[in-house]
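Scroll down for the structure; my scribbles are underneath it.
Only this structure's heavy atoms are used, side chains among them; waters, hydrogens and symmetry mates stay out.
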Amino acid sequence: MNTGRASTFFPALLLVAVLVRLGDSVRLLAEGDVTDSISSACQQTEYFDVCVSTLQSRPDSQNADVKGLALISLDACIAHAEGTLAYARQLRSNATAAAGHAGDDYATRCLDDCLTQYSDALDDLTESVADAQDGAYGSVNARVSGAMTDSDSCEDGFAEQPGYSSPLTERNDFFSKLCSNALAITRLLS
């Protein structure tokens with residue numbers, strides 16, 4: 001009687017092992033498809049590594065088509081703009097405290113300009129999401145390009161006076177890369 005159980009137990013165990021391996025293979029193939037769609041979209045961008053890491057870090061990219069990847073890219077731009085705006089506010093607050101009062105210091109004025117520029121960029125990016133959802137890709141291009149110009153203007157303000165450097169250079173550079181990637185992915189939809 002024990003041999004009967006053993007003879008049915010081993011085939012059942014073998015079947016379970018095969019099904020587990022098959023499930024792993026299907027999961028890997030599905031992940032490969034996601035990685036392939038992200039990689040294919042990011043191949044069209046200037047900043048491939050930034051694109052791949054940005055999209056793969058977002059769980060909603062796992063099942064996204066190109067339009068979904070474009071929207072995720074725009075969302076990454078918005079998140080970075082919000083973070084930069086918060087960081088610039090903190091720098092502005094610190095600069096005001098160091099200067100003793102608002103508005104007298106050149107760096108404080110530059111940070112004020114950056115706050116305005118990033119607020120405008122955030123408005124443009126938020127509107128670009130609605131445009132992308134509606135298929136108005138020309139408007140997306142104009143708005144995201146405008147957001148990039150806002151960031152560049154923030155950076156350039158510090159360079160106008162000798163001896164000043166922007167405390168936002170790294171954030172501005174990364175923002176530009178995110179926006180460039182979002183534009184490239186959106187162009188795939190046109």
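- Nearest approach of His80 to Arg171, heavy atoms of both residues: NE2-O, 3.0 Å.
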Taking it one step at a time, do Asp131 and Tyr137 satisfy side chain to side chain contact (heavy atoms under 4.5 Å, CB included)?
CA-CA 7 Å; Asp131 291 337; Tyr137 303 119; over 6 Å; no
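- Of the N and O atoms on the side chains of Thr169 and Glu155, at least one donor lies less than 3.5 Å from an acceptor on the other residue.
- Annotation: the span from Glu82 atom CD to Thr126 atom OG1 amounts to 7.0 Å, rounded to 0.5 Å.
- A donor-acceptor pair is defined here as one N or O able to donate and one able to accept, closer than 3.5 Å; no such pair exists between the side chain of Asp113 and the backbone of Cys154.
- Contact record, Pro167 with Tyr87: O-CE2, 3.8 Å, taken as the closest heavy-atom pair.
- Both Leu189 and Ile185 sit in one connected hydrophobic cluster of ILVMFWY residues. Membership requires side-chain heavy atoms under 4.5 Å apart, directly or through other members.
- The backbone N or O of Thr149 lies less than 3.5 Å from a partner atom in the side chain of Ser153, making a donor-acceptor pair.
- Side-chain atoms of Ser180 never come within 3.5 Å of backbone atoms of Lys177 as a donor-acceptor pair (strictly under, hydrogens ignored).
- Taken together, Cys42 and Cys51 meet the criterion of an SG-SG distance shorter than 2.5 Å.
- The side-chain heavy atoms of Met148 and Leu183, taken from C-beta on, include a pair separated by under 4.5 Å.
- Follow the hydrophobic side-chain contacts under 4.5 Å out from Tyr47 and you never reach Val52; the two are in separate clusters.
- Rounded to the nearest 0.5 angstrom, Gln62 CD and Leu55 CG are separated by 10.0 Å.
- Rounded to the nearest 0.5 angstrom, Ser53 OG and Phe48 CZ are separated by 10.0 Å.
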Please list every donor-acceptor pair under 3.5 Å in which a side-chain atom of residues 67-79 meets a protein atom from a residue at least two apart or in another chain.
{"residue": "Lys67", "atom": "NZ", "partner": "Gln133", "partner atom": "O", "Å": "3.0"}
{"residue": "Ser73", "atom": "OG", "partner": "Leu69", "partner atom": "O", "Å": "3.0"}
{"residue": "Asp75", "atom": "OD2", "partner": "Arg58", "partner atom": "NH1", "Å": "2.6"}

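- Remark: Asp150 CG to Thr116 OG1 distance equals 10.0 Å, nearest 0.5 Å.
- Taking all atoms of both residues into account, the shortest heavy-atom contact from Ala81 to Phe175 is CB-CE1, 3.7 Å.
- No side-chain heavy atom of Tyr106 sits under 4.5 Å from any side-chain heavy atom of Leu111.
- The side-chain heavy atoms of Tyr118 and Asn172, taken from C-beta on, include a pair separated by under 4.5 Å.
- Side-chain contact between Thr54 and Asn181 is absent, with no heavy atoms from C-beta onward closer than 4.5 Å.
- Cluster annotation: Val140 is connected to Leu125 through the hydrophobic network of ILVMFWY side chains, with a link wherever side-chain heavy atoms come within less than 4.5 Å.
- Here Thr84 contributes atom OG1 and Phe174 contributes atom CZ; the two are 10.0 Å apart, rounded to the nearest 0.5 Å.
- With rounding to the nearest 0.5 angstrom, the OG atom of Ser39 is 4.5 Å from the CD atom of Gln43.
- Side-chain atoms of Thr108 and Asp112, non-hydrogen and from C-beta on, do get closer than 4.5 Å to each other.
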Give the C-alpha distance, both sets of side-chain angles, the deciding distance and a yes or no for side chain to side chain contact (heavy atoms under 4.5 Å, CB included) between Leu85 and Leu122.
CA-CA 9 Å; Leu85 198 53; Leu122 200 50; 4.0 Å; yes
